[in-house]
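Within every chain, numbering begins at 1; the chains are lettered A, B, ... in the order of the sequence lines, protein sequences first and strands thereafter. Just so we're clear, the structure is a prediction, and the values are computed from it rather than from any experiment.
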Amino acid sequence: MLIATWNVNSLKARLSRVQAWVEEVQPDVLCMQETKLAQEKFPHDAFTDMGYESAHFGQGQWNGVAIISKVGLENVRPNFAAGIEPDHEARILTATCGGIQISSCYVPNGREVDHDHYKYKLSWLQRLRATLDATNKPTDNVVVCGDFNIAPDDRDVWDVKQFENATHVSVPEREALAHVCEFGMEDTFRHFHQEGGIFSWWDYRGGSFYKGHGMRIDYLLATKPVVDRATWVGIDRNARKGEGPSDHVPVMLKVKDA
DNA sequence: ATGGTGGCTGGGCCA
């Protein structure tokens, strides 16, 4: 089973590239972020034609998360779990696909340290952890993936000196991410790869991709039962090339059958 | 070259 996550930065602008990538790679599940589509505008038919069921949690021209699957799509839940203060934006969608509960997440950017949006980012991560505590055990098959807008450690940015007191690397948000992981999940990329300088996002501005100025802010967290079945994690850097790319590329996790 | 890109829109904000 191949599970992928990709911040597509507008599914309207990116549909042809997403279709081409899905056609080539044939993921069993693809989680998307930043669809930037209203709920009813999601192109379900385009994915049905390729053999996928799909679910979307949209809000309009911003945010929006989706999951497409060809191994089942059940227990679809937009937003955080019942009993937890709901997000006012469309940033998390959860479903069960092929026996694994998978969440497609678009964590708030934060804008600047101590900005209201940064406090929202920290609160959002707390509510993600609370959702897991309320609905799952660490022994469940769970994958939480998406655009976390956090570089987990200094290996995950191109030049740490450029990020003094900046969002994506600040201690409180890294601690908030660690708290999410302490539910009982691991960054599956780091399970297989220890090197730095492997990125999932490059700014559109200033030729960042060609200079190697990126960050690893997209990943798949998984509980131990899933990690124990994992065989490979990869990042499709080629997806950043060519005409009209997203500024993020797909990250993929391969899991053996249970 | 003192700005650089790209998406939302339809001027300026956001990433």
Practice problem: Answer syn or anti for B/dG4, where the cut-off is 90° from 0 on the glycosidic torsion. | Solution: syn
Practice problem: Please name all residues satisfying side chain to side chain donor-acceptor pair (under 3.5 Å) with A/D159, sequence neighbours left out, ordered by chain then number. | Solution: A/Q162
Quiz item: Using the C1' atom in both, what is the distance from B/dG10 to B/dC14, to the nearest Å?
Solution: 16 Å
Quiz item: Passes side chain to side chain contact (heavy atoms under 4.5 Å, CB included), A/Y52 versus A/V29? Steps please.
Solution: CA-CA 9 Å; A/Y52 289 84; A/V29 179; over 6 Å; no
Self-check item: Whole-Å gap separating C1' (B/dC8) and CG (A/N9)
Solution: 9 Å
Quiz item: How long is the line joining CD of A/E34 and P of B/dT5, in whole Å?
Solution: 20 Å
Exercise. Assign each of A/D247 and A/K36 to its nearest nucleotide of DNA chain B by heavy atoms, then name whichever residue's nucleotide is nearer the 5' end.
Key: A/K36
Self-check item: Listed partners of A/Q19 passing side-chain contact (heavy atoms from CB on, under 4.5 Å), at least two apart
Solution: A/L15, A/A46, A/M50
Quiz item: Contacts to DNA chain B from residues 204-220 of chain A, heavy-atom cutoff under 4.0 Å, which residues?
Solution: A/Y204, A/R205
Using residues 107-115 of chain A as the side-chain source, report each donor-acceptor pair under 3.5 Å to any protein atom, sequence neighbours left out, with the distance given to one decimal.
residue	atom	partner	partner atom	Å
A/N109	OD1	A/R111	N	2.7
A/H115	ND1	A/H117	N	2.9

Quiz prompt | Separation between the C1' atoms of B/dA15 and B/dG4, rounded to whole Å | solution = 16 Å
Self-check item: Earlier contact from the 5' end, DNA chain B, for A/Q61 and A/N7
Solution: A/Q61
Quiz prompt | Pairs flagged by side chain to side chain donor-acceptor pair (under 3.5 Å) wherever residues 205-216 of chain A is involved - sequence neighbours left out | solution = A/D156-A/R216, A/D187-A/R216, A/D203-A/R205
Self-check item: A/R111 side-chain N/O to B/dC13 phosphate OP1/OP2 under 4.0 Å
Solution: no
Self-check item: For A/A222, side-chain contact (heavy atoms from CB on, under 4.5 Å) partners two or more places apart
Solution: A/V143, A/T188, A/V226, A/V227
Exercise. Give the rounded distance in Å between these two atoms: CG of A/L37 and C1' of B/dG7.
Key: 12 Å
